[in-house]
Amino acid sequence: MTTHRTPFRLVAAIAAGTAAALVMAGCSSGGTASTSSSSKPVDGGSLTYAIANDPITLNPTGTGAGNDTLAITRQLVDSLLWQDPSDGSLKPWLATKYSANADATAFTFDLRSGVTFSDGTAFDATAVKDTFDDIASAGASSTAAAYFSGYTGTKVVDDDTVEVDFGAPNAAFPNATASVALGIVAPKTTETPFDDRADGKAVIGTGPFTLQSYTKNTSTVLTKRKDYDWGPAARSNAGAAHLSEVTFQVVPEASVRTGSLQSGQLDAISSVQPSDVDTLQAQYDLVTRANPGQVFGLTFNQKRPIVSDLVVRKAIAQAVDPKAVRDTSLNGLFKVADSVLGSTTPGYTDTSSTISYDPAAAKKALDAAGWEKGSDGIRAKDGQKLQLKLVWITNFGPNQTSLELIQQELKKIGVGVTLESGTVPQYLANLTSGDWDLSWDNSSRADGDVLRSKFSSSGAQSIGASDTTLDALFTKELSQSSASDRSATFGEIQQRIASQVDFVPVHELTSIIAPAPTVHGIVFGADTRLDQLTGAWKDAS
């Protein structure tokens, strides 16, 4: 694969505000290689890879630090299926094939033989059942709980065959099995209490690396499994890793990561900030990929009366200029969003023709609806001011610049916005409280079903739209076993969200890794998170 090298000039407005790391943000679906070197891979050597945050937990299904956790746990566990970054299709991995019944309530997986966990235990159907039962039992403690909604159990048909059953259609499940959170673990892992697995000592997978050590807030060191020979056939290296050892070093400050790479103290850095791209791009071949899933944009809390009004939502959408926001806050590596789903998501559809930037039309519509401007420039109606609270996360530096511009754009049409920032836990607490009108976030997942949690009336994070048409479409996609049928339905879902202005798309997220010139073969997976490092290698010293 080729490396994306796009020259551009960064806007100075963000130069001082991008020290925060891409915690929830990073992820890629079409793994771009780190260099175009044609040299033969070298076996051996150690790679030091900088991450922004301590992983918090090395339990693949536990709640950790987003992408930094997943980068590590992906090396320890394999999944039943592999999602191809090039087209989003599902391909064999620990399962050689799978099938679904007519209403997508039962999924049968034929398992690969000859696979072992790192403790020597054989991988079999019972291990799959135990892993899935363990996730279901963990409930909200597991990041994979949503994938098991309606789960009735896993049947061991024989040593090499399992059937996973649900009480209602769940066509999203096969895609979910490709995720890190559904990575299969050994019996000794599931026998260990869920909350006792955070340090990784009890995490035993079939992956290409094993845990050597974990030092909180410092580093996680992994060593190669020499007998690994069952990676996805479609991936560049299905066998044992070239590298002998990988150290994930915690380096919170983006500027320190960049400086340490330039000085040769690090072999690769993740969460490269847009403000550092100009500098790094001149020296290194960056690994970049746009994230699949929900793009960055504005979500309306329709449980609140003001933004439950379609007229207000549409006016806000018409007042925001996504290209101006992208050009001010980011750079050419970040695509202006034209749908609630990112362009690398299977089933993505361009919905930009539904509503376009037109602040004059926004003002006219608000005038007609009785929203009159006050002396402070903010509109009011029936004694209620058009003043909204917008909550957002501080984990991605350009967010503040983007939102301050949006705040200015909305004020021009008479909409006041108060910005309330916070860390990931604070942001989640704000959402749970319900005390917000707008939220700014993204959610990376290589499946359009990522939208269901927020935009379905029964979703775990429902915005309260109570749209029976949209609910019916989500029910429909969950019952469709055909990938092409689901993609068509996701197209309808995106069009419906756009027509009802449930969301204002602004920009896609692009994840960026900078490897040293001596490092090759680092790629993103379909979810735009670091893929397994089996194909990575370093020049001989």
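- Thr116 and Arg225 share a donor-acceptor pair across their side chains, judged by distance under 3.5 Å alone.
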Next on the checklist: Could you walk me through whether Ser270 and Asp68 satisfy the side chain to side chain contact (heavy atoms under 4.5 Å, CB included) test, starting with their C-alpha distance in whole Å, then the side-chain angles of each, then the deciding distance to 0.1 Å, before giving a yes or no?
Outcome noted: CA-CA 9 Å; Ser270 65; Asp68 291 331; 4.1 Å; yes
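- A pairwise comparison of heavy atoms in Phe524 and Asp531 identifies C-CB, 3.9 Å as the closest pair.
- The shortest side-chain heavy-atom distance between Pro232 and Leu81 does not fall under the 4.5 Å cut-off.
- The heavy-atom pair separating Pro174 from Ala171 by the smallest distance is CD-O, 3.3 Å.
- Considering only heavy atoms from C-beta on, Thr131 comes within 4.5 Å of Ile135 through its side chain.
- Note that the NZ atom of Lys538 and the NE2 atom of His520 stand 10.5 Å from one another [nearest 0.5 Å].
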Checklist entry - Could you go step by step and tell me if Phe490 and Thr349 meet the side chain to side chain contact (heavy atoms under 4.5 Å, CB included) rule? => result CA-CA 8 Å; Phe490 286 135; Thr349 297; over 6 Å; no
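- Annotation for Ile204 and Ser118: closest pair CG2-OG, 3.3 Å, computed over non-hydrogen atoms.
- Between the side chains of Asp133 and Thr154, no donor-acceptor pair of N or O atoms lies under 3.5 Å.
- Applying ring pair (Phe, Tyr, Trp, His ring centres under 6.0 Å) to Phe296 and the options Trp392, Phe396, Phe334 leaves one that passes, Phe396.
- Residues Lys97 and Ser99 form no side-chain contact, since every pair of their non-hydrogen atoms from C-beta on lies 4.5 Å or further apart.
- Proximity of a side-chain donor or acceptor of Thr489 to a complementary backbone N or O of Asp485 within less than 3.5 Å is detected.
- Note on Asp276 versus Arg257: no salt bridge recorded, every NZ/NE/NH1/NH2 to OD/OE distance being 4.0 Å or above.
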Checklist entry - Passes salt bridge (Lys or Arg N to Asp or Glu O under 4.0 Å), Asp441 versus Lys454? Steps please. => result CA-CA 12 Å; Asp441 63 4; Lys454 180 182 287 186; 3.1 Å; yes
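- In this structure, Trp230 CH2 and Phe123 CZ are separated by 10.5 Å, a value rounded to the nearest 0.5 Å.
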Checklist entry - For Ile269 and Thr258, what are the C-alpha separation, side-chain angles and deciding distance, and is it a side chain to side chain contact (heavy atoms under 4.5 Å, CB included)? => result CA-CA 7 Å; Ile269 62 174; Thr258 296; 4.1 Å; yes
Next on the checklist: Pair Ser402, Ser329 - check side-chain hydrogen bond (donor to acceptor under 3.5 Å, both in side chains), show working.
Outcome noted: CA-CA 6 Å; Ser402 295; Ser329 304; 3.0 Å; yes
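- Salt-bridge formation is detected for the pair Asp134/Arg197: a Lys NZ or Arg NE/NH1/NH2 atom is positioned less than 4.0 Å from an Asp or Glu carboxylate oxygen.
- In this structure, Asp267 contributes its side chain and Thr48 its backbone to a donor-acceptor pair below 3.5 Å.
- Remark: the backbone N or O of Gln281 is not paired with any side-chain donor or acceptor of Asp278 at under 3.5 angstrom.
- Taking OG1 from Thr351 and CD1 from Ile497, the interatomic distance works out to 9.0 Å, rounded to the nearest 0.5 Å.
- A distance of 9.5 Å separates CG of Leu76 from CZ of Phe209, quoted to the nearest 0.5 Å.
- When atom types are taken as modelled, the side chain of Ser456 and the backbone of Ser453 share no donor-acceptor pair closer than 3.5 angstrom.
- Taking every heavy atom of both residues into account, Ile522 and Pro515 meet most closely at CD1-CB, 4.3 Å.
- When atom types are taken as modelled, the side chain of Gln75 and the backbone of Leu533 share a donor-acceptor pair closer than 3.5 angstrom.
- Phe109 has its side chain within reach of Thr177: a pair of non-hydrogen atoms, C-beta onward, lies under 4.5 Å apart.
- Among Leu47, Leu266, Val221, Thr220, the one residue that satisfies the side chain to side chain contact (heavy atoms under 4.5 Å, CB included) test with Thr247 is Val221.
- Atom CG of residue Leu286 and atom OG1 of residue Thr510 lie 11.5 Å apart, to the nearest 0.5 angstrom.
- Residues Asn442 and Val295 are not in side-chain contact: their nearest non-hydrogen atoms beyond the backbone lie 4.5 Å or more apart.
- Between Pro346 and Gln83 the shortest side-chain heavy-atom distance falls below 4.5 Å.
- Qualifying salt bridge (Lys or Arg N to Asp or Glu O under 4.0 Å) partners for Arg486, counting only residues two or more places apart in sequence or in other chains: Asp447, Glu477.
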Next on the checklist: Before you tell me yes or no, could you show the steps for Asp78 and Thr206 under side-chain hydrogen bond (donor to acceptor under 3.5 Å, both in side chains), namely the whole-Å CA-CA distance, both residues' side-chain angles and the distance that decides it to 0.1 Å?
Outcome noted: CA-CA 6 Å; Asp78 298 326; Thr206 63; 2.7 Å; yes
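- Of the possible donor and acceptor atoms, none in the side chain of Thr345 sits under 3.5 Å from a partner among the backbone N and O of Gly448.
- The closest donor-acceptor contact from the side chain of Thr344 to the backbone of Ala290 lies under 3.5 Å.
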Checklist entry - Checking side-chain hydrogen bond (donor to acceptor under 3.5 Å, both in side chains) for the pair Asn399/Thr394: CA distance, chi angles, key distance, verdict? => result CA-CA 7 Å; Asn399 280 346; Thr394 56; over 6 Å; no
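- Val77 approaches Pro60 most closely through the heavy-atom pair CG1-CG, 3.7 Å.
- Between Leu58 and Gly200, the shortest heavy-atom distance links the atoms CB-CA, 3.7 Å.
- Between the side chain of Lys335 and the backbone N or O of Glu508, no donor-acceptor pair lies under 3.5 Å.
- Leu280 has its side chain out of reach of Ile512: every pair of non-hydrogen atoms, C-beta onward, lies at least 4.5 Å apart.
- In this structure the side chain of Thr57 never reaches within 4.5 angstrom of the side chain of Thr63, judged on heavy atoms.
- A donor-acceptor distance shorter than 3.5 angstrom exists from the side chain of Asn101 to the backbone of Ala106, with no hydrogens or angles considered.
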Checklist entry - Should Gln532 and Trp82 be marked as a side chain to side chain contact (heavy atoms under 4.5 Å, CB included) after you check the CA-CA gap, both sets of side-chain angles, and the distance that decides it? => result CA-CA 11 Å; Gln532 287 186 337; Trp82 183 67; over 6 Å; no
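- If you check the side chains of Arg529 and Thr69, you find no donor sitting under 3.5 Å from an acceptor.
- Between Phe173 and Phe166, the ring centre distance stays below 6.0 Å.
- A distance of 7.0 Å separates OG1 in Thr143 from CG in Leu70, rounded to the nearest 0.5 Å.
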